[in-house]
Asker: 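Shown below is the structure under consideration.
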Amino acid sequence: QVQLVESGGGLVQAGGSLSVSCAASGRTFSRYSMGWFRQAPGKEREFVAAIRWSDSSTYYSNSVKGRFTISRDNAKNTVYLQMNNLKPEDTAVYYCAADRLIGRVDFVGGYDYWGQGTQVTVSS
């Protein structure tokens with residue numbers, strides 16, 4: 001069982017930066033692939049970024065590639081999402097997710113564990 005708690009969301013102006021974190025419980029965090037997803041009002045939850053546990057490969061959606069960076073610190077059981085050059089369309093609730101046997105990292109249904117989400121609002 002893994003519990004995930006996101007933090008670090010907030011309000012930022014367009015062009016600014018923000019970092020969100022996800023702290024995980026459990027002693028086997030290093031064996032979980034981690035993903036970040038987001039959901040804007042009235043829209044479906046969408047993939048943002050992911051990092052595999054096996055080789056730390058990273059993946060990004062086209063909309064955030066080059067602006068967002070996912071990383072993890074296994075010693076702290078934490079995964080991070082550094083968001084730069086934020087745009088109003090990045091406004092959403094950001095969720096982290098974890099899974100040990102993930103296949104497609106961009107598939108919402110592939111993750112077993114989810115955090116409660118943290119709000120990120122980008123003003124124009």
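All heavy atoms count here, side chains included; hydrogens, waters and symmetry mates do not. Because the structure is predicted, anything quoted here is derived from the model rather than measured.
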Asker: Once you round to the nearest 0.5 Å, how far does CD of Q82 lie from OG of S17?
Answerer: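 It is 5.5 Å, given to the nearest 0.5 Å.
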
Asker: Are any of the side-chain heavy atoms of V20 and W36 separated by less than 4.5 Å?
Answerer: yes

Asker: Do R72 and Y80 touch side chain to side chain, with heavy atoms closer than 4.5 Å?
Answerer: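 Counting from C-beta outward, R72 and Y80 never come under 4.5 Å.
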
Asker: Please find the pair of heavy atoms, one from S21 and one from T78, that lie closest to each other, and give the distance.
Answerer: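 It is CB-CG2, 4.1 Å.
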
Asker: Could you check whether any side-chain heavy atom of Y111 comes within less than 4.5 Å of a side-chain heavy atom of M34, counting everything from C-beta outward?
Answerer: no

Asker: Test side chain to side chain contact (heavy atoms under 4.5 Å, CB included) on L81 and M83; report intermediate values, then the result.
Answerer: CA-CA 6 Å; L81 185 68; M83 302 179 288; 3.9 Å; yes

Asker: For the residue pair S33 and D99, confirm or rule out a side-chain donor-acceptor distance under 3.5 Å.
Answerer: no

Asker: Closest heavy-atom contact between A14 and S124?
Answerer: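 Reported closest heavy-atom pair: CB-CA, 4.3 Å.
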
Asker: For Q116 and L4, work out which heavy atoms get closest and say how close.
Answerer: OE1-O, 3.6 Å

Asker: Does the side chain of T121 come under 3.5 Å of the side chain of Q119 through a donor N or O and an acceptor N or O?
Answerer: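 Per modelled atom types, T121 and Q119 side chains form a pair under 3.5 Å.
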
Asker: Do you know the tightest heavy-atom contact between V79 and F29?
Answerer: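 Where V79 meets F29 most closely, the heavy atoms are N-CZ, 4.1 Å.
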
Asker: Minimum heavy-atom separation for A50 and V105, please, with both atom names.
Answerer: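 Heavy atoms of A50 and V105 come nearest at CB-CB, 3.7 Å.
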
Asker: With heavy-atom distances below 4.5 Å as the criterion, would you say the side chains of R38 and R45 are in contact?
Answerer: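 No; the side chains remain at least 4.5 Å from each other.
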
Asker: Below 4.5 Å, heavy atoms only, C-beta onward: do E46 and S61 meet side chain to side chain?
Answerer: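 They are not in side-chain contact.
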
Asker: Taking atom types as modelled, find out whether R100 and Y32 have a side-chain donor-acceptor pair closer than 3.5 angstrom.
Answerer: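 R100 vs Y32: no donor-acceptor pair found between side chains.
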
Asker: Between D90 and R67 (salt bridge meaning N to carboxylate O under 4.0 Å), is one present in this structure?
Answerer: yes

Asker: V120 and G9: which non-hydrogen atoms are nearest, and at how many Å?
Answerer: CG2-CA, 4.2 Å

Asker: More than 12 heavy atoms of other residues, nucleotides or ligands under 6.0 Å from CD of Q3: is that the case?
Answerer: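 At most 12 heavy atoms, drawn from other residues, nucleotides or ligands, come within 6.0 Å of this atom.
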
Asker: Establish whether V108 and Y113 are linked, either directly or via other cluster members, by ILVMFWY side-chain heavy-atom contacts under 4.5 Å.
Answerer: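 In one cluster with V108: Y113, no.
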
Asker: Kindly indicate whether the side chain of L86, heavy atoms from C-beta on, has any atom under 4.5 Å from the side chain of F68.
Answerer: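 L86 vs F68: side chains touch.
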
Asker: Could you tell me whether the side chain of T118 and the main chain of S7 form a donor-acceptor pair under 3.5 Å?
Answerer: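 Checked: no pair found.
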
Asker: Can you confirm whether R52 sits close enough to Y59 that some side-chain heavy atom of one is under 4.5 Å from a side-chain heavy atom of the other?
Answerer: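 Yes, their side chains come closer than 4.5 Å.
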
Asker: Describe, in one word, how the ring planes of F47 and F37 are oriented to each other, choosing from parallel (under 30°), tilted (30 to 60°) and perpendicular (over 60°).
Answerer: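 Geometry flag for F37 against F47: perpendicular rings.
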
Asker: How long is the straight-line distance from CG of D112 back to CD of Q1, given to the nearest 0.5 Å?
Answerer: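 Here the interatomic distance stands at 9.5 Å.
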
Asker: What is the distance from atom CD of E6 to atom SG of C22, rounded to the nearest 0.5 Å?
Answerer: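 If we round to the nearest 0.5 Å, E6:CD and C22:SG are 5.0 Å apart.
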
Asker: Answer whether the closest heavy-atom distance between the side chains of Q39 and Y95 falls below 4.5 Å.
Answerer: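 In short, these two side chains touch, coming nearer than 4.5 Å.
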
Asker: Mind checking whether Y94 and I70 sit in one hydrophobic cluster, side chains of I, L, V, M, F, W, Y counted as touching below 4.5 Å?
Answerer: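 Both belong to a single hydrophobic cluster.
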
Asker: Measure the CD1-OG distance between I51 and S71 for me, rounded to the nearest 0.5 Å.
Answerer: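 Output value for this atom pair is 6.5 Å.
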
